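Report on the following structure.
All chains are named by letter (A, B, ...) in the order of the sequence lines, taking the proteins before the strands, and each is independently numbered beginning at 1. Values in this document were obtained by computation on a predicted structure and should not be read as measured data.
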There are 2 protein chains.
Amino acid sequence: MKDNILLKKSFDTSNFSGVEMKKFLQKKIMLKHLYIEKALSTPEISKITNLSAPTVISLLNELIKEQIVIEKGTGNSSGGRKPNLFGLNAEQILFLAIDIRNYYTLITIFDINNTPVTEIRKVDVRLVNKIEVMDLIVEESNKLIELSGINKKCLISVGVSFPGLVDSENGINYTYFDIKGGIRAYLEAKFDRPIEIENDARIRALGELKFGLAKGLQNVLVIDVDWGIGLGMILNGKLYRGNSGFAGEFSHINIVEEGLLCACGKRGCLETVASAGALTELAKEELRQGKLSLLNEMTGNDINAVNSELIIQAAIDGDQFAIGLFDKVGKKLGKGIASLVHLYNPEKIIIGGKLSRVNDYLIAPIYQMLNKFCISKVREDVVIEVSTLNENSGIIGAAAFVMESIFNAEN
Amino acid sequence: MKDNILLKKSFDTSNFSGVEMKKFLQKKIMLKHLYIEKALSTPEISKITNLSAPTVISLLNELIKEQIVIEKGTGNSSGGRKPNLFGLNAEQILFLAIDIRNYYTLITIFDINNTPVTEIRKVDVRLVNKIEVMDLIVEESNKLIELSGINKKCLISVGVSFPGLVDSENGINYTYFDIKGGIRAYLEAKFDRPIEIENDARIRALGELKFGLAKGLQNVLVIDVDWGIGLGMILNGKLYRGNSGFAGEFSHINIVEEGLLCACGKRGCLETVASAGALTELAKEELRQGKLSLLNEMTGNDINAVNSELIIQAAIDGDQFAIGLFDKVGKKLGKGIASLVHLYNPEKIIIGGKLSRVNDYLIAPIYQMLNKFCISKVREDVVIEVSTLNENSGIIGAAAFVMESIFNAEN
DNA sequence: AAAACTTTGTAAATTTTTTTACAAAGTTTT
DNA sequence: AAAACTTTGTAAAAAAATTTACAAAGTTTT
């Protein structure tokens, strides 16, 4: 597997001759399309690449000899001989995907078709800013690799998703594990593999783009409403990172003049009025004022036991008080989203995260605010949907991210 | 000039053979780089295109025969024979650029190097939503073409910049001239040429990207503070339009809860507190309250005669009252910009438009607000500068836009 | 079910492109 | 100022890619 054309770091093109470079680039393009389309026929590749059928076949034969491409049976024809299909050799090219979340971490191994080839390992570890946490995750990853029985040489890259201000290009997470040389270099040494790191909100946006409700779309905002509010952006069909990879800090834009103190140190951030934390605080406050709710029964009248999980459950069970809370939080969020709609003119906004589980109770007030605050022409352009990707969106996205970085590499 | 390779609309590639298509694409890439770099040597083109020197020379000779490329003398060498340089044949490829503004319209003809080949014609026409306005502009454009004495066949396209909700792709301005079939089709019939239309804020952003302070940068916001607040965005090195070309409606995001009524029909838009209009209203209000200012002398104590031009002049002349007004308006604007910095993580923000003429009096309060409301890591990433492009940024941008649409065309 | 039409696959001929080799035109070093 | 080195430009040889022609394998029509 060494000298695998997909391994950009170990693949040196600097002393390639003209023809070699040309072939290399042609193969890269072919592999990219084989990745996207899963299986393609010779004539299809010929059309995509503007190469003649004999050239395509000779390149494919080389890739088959290199064990990167395999035959995938025959496809359908609209009146003529059925074509042979070719695709990537899934078993030979594997990725480790790690999704580090606040209260647990998910680890699994994907093949090149983004199909998991092992169980999804859940590690119960609280995310705190200590390198020991990362060491534990590496250890658990290695255990998974051992258990899986895969050929280690086939594992060609690792993708990591975590919260924080992540500079993906330079491999630094400024919020967690901000060690000298950057966390990516640290992990590359530990795993002896190229590593790709990215912020969790952007990873989820990429997951939606590749496998979720944003598939095939160009301009989509993916908003994750949990303890914070994450924003991942697909603009012009590509993930948007900003200059240093800090774009999408929707959670900390100022919404309330001289408002509550936020975890970030500033006052009146959106997060203080429209997140799981804000929802819980609002619930406690109103319950203390004597409002009636299913929550009273659920907690045995212990107001301090109220948490976002319980509020979500109460709303789903039809509790008017809980639904009212979502209305209030949704309206605050909706006002913020109205600004996003004006700035980005997106075709779709996907809402994910814990709070989105109540579905329409959150979406309806958002729509109300869009109607109130948006220019109608721009408002009419956008659809709001609740993410259909489940808990695993993070690791799916992390794997997609590794693939992206391999197939979109200029090199 | 018919069948000019650059004329995407009249150039039909549908029945090209494999080689013809290949050559066509290779030529397009070469022309694109010749446009960007102005002049290139054979070895340089060879490196860029991954084609061998003999191939490059043979393609260049074909383009020279087609009168699209010309020799441009010899370049320098770092120790060896001096290369022949090649470039686009500027005289043969001309564009009409039209910048429609609220109180006047600018028209000129550019060559392919974005150098004007005629005077810049100023037409005093107030922009109102009547097609007669556009007819007048077309008439004036034709006069300019006649007077210039250029070969009409060399004029291959027209670029139009105007305010409004512009869907560039479909050729519609929903705010002005929203006639059946779209204003682009209307103009294409009138001029008998392919037309490109775009919103003025985005045109200016493109102007900054190609010829201004955003040159070579990837993520830049261009904010124009005039009667409204225009926002043009360069994201990932490309102009961002949004789904239907409505992105950048910064002017109408809600800033003040139940604030003043805006021209758009909504309340509390940014425009109502941070624009030339807001500045003037604020000045009048405070003067009525008896505040002292140079403006009293300038207007002979006629408060109703106060306008933004006078306030700008007073500030430049050192009037503390006027400077104070810019501080207030700048802070409102700065708070809005702080949100943009969080969302986009840009490397530069360029402020243009009338109000930017006071330079630091507007920029300083913006910086203050960024320091107050931004996460420091994101704040440190961004520089705010005042545009150096003069009044002509609109037509320069319009010409650049036409070039962009030609050289970035997939076709 | 045979005939007519489509599409894919492949070998040979043709064309295009690259490579090689070397001459031409400079620059730098000694 | 000559020698040594670099880079560009070009013709001929070699290699690669496309085109052409046709066989193979289907589908649709009659």
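- Taking a cutoff of 4.0 Å between a charged side-chain nitrogen and a carboxylate oxygen, B:Glu198 and B:Arg241 qualify as a salt bridge.
- Look at D:dA21: its Watson-Crick or wobble partner, with both distances under 3.5 angstrom, is C:dT10.
- Under the 30°/60° scheme for interplanar angles, the aromatic rings of B:Tyr35 and B:Phe407 are found to lie parallel.
- Rounded to whole Å, atom P of D:dA16 lies 16 Å from atom CG of B:Asn50.
- Atom CD1 in B:Ile57 sits about 17 Å away from atom P in D:dT7, given to the nearest Å.
- Across all strands shown, C:dG26 pairs with D:dC5; the Watson-Crick or G-U wobble distances both stay below 3.5 Å.
- What separates CG of B:Leu51 from C1' of C:dT16 is a distance of 12 Å, to the nearest Å.
- Where A:Gln26 and A:Lys82 meet DNA chain D, the nucleotide closest to each residue was compared, and A:Gln26 sits on the side nearer the 5' end.
- Heavy atoms of other residues, nucleotides or ligands lying less than 6.0 angstrom from NZ of A:Lys38 number more than 12.
- Look at CG on B:Asn76: it is 18 Å from P on C:dA25, rounded to the nearest Å.
- Between A:Ser41 and B:Gly79, it is A:Ser41 whose nearest contact on DNA chain C lies nearer the 5' terminus.
- Considering only the side chain of A:Ser52, D:dT18 comes nearest among C:dT18, D:dT7, D:dT18.
- Atom C1' of nucleotide D:dA16 and atom NZ of A:Lys22 are separated by 8 Å, given to the nearest angstrom.
- When both distances must be under 3.5 Å, the Watson-Crick or G-U wobble mate of C:dT17 is D:dA14.
- Among the nucleotides C:dG9, D:dA17, C:dT17, the one closest to any side-chain atom of A:Pro83 is C:dG9.
- With rounding to whole Å, B:Met30 atom CE is found 12 Å from C:dT17 atom P.
- At a threshold of 4.0 angstrom between heavy atoms, the contacts of B:Thr42 are confined to the sugar-phosphate backbone, with no base atom among them.
- Counting only heavy atoms from C-beta on, A:Ala53 has its side chain closest to C:dT10 among D:dG9, C:dT10, D:dT19.
- Phosphate contact (OP1/OP2 of C:dG26, side-chain N/O of B:Ser77, threshold under 4.0 Å): absent.
- As rounded to whole Å, 6 Å separates atom P of D:dA25 from atom CZ of A:Arg81.
- The interatomic distance linking B:Asn84 (CG) with D:dT10 (P) rounds to 8 Å, in whole Å.
- Separation of the A:Phe95 and A:Phe110 ring centroids does not fall under the 6.0 Å cut-off.
- B:Thr49 places a side-chain N or O within 3.5 Å of a backbone atom of B:Ile45 that can act as its donor or acceptor partner.
- The 5' end of DNA chain D is approached more closely, in terms of each residue's nearest nucleotide, by A:Val19 than by the other of A:Ser78 and A:Val19.
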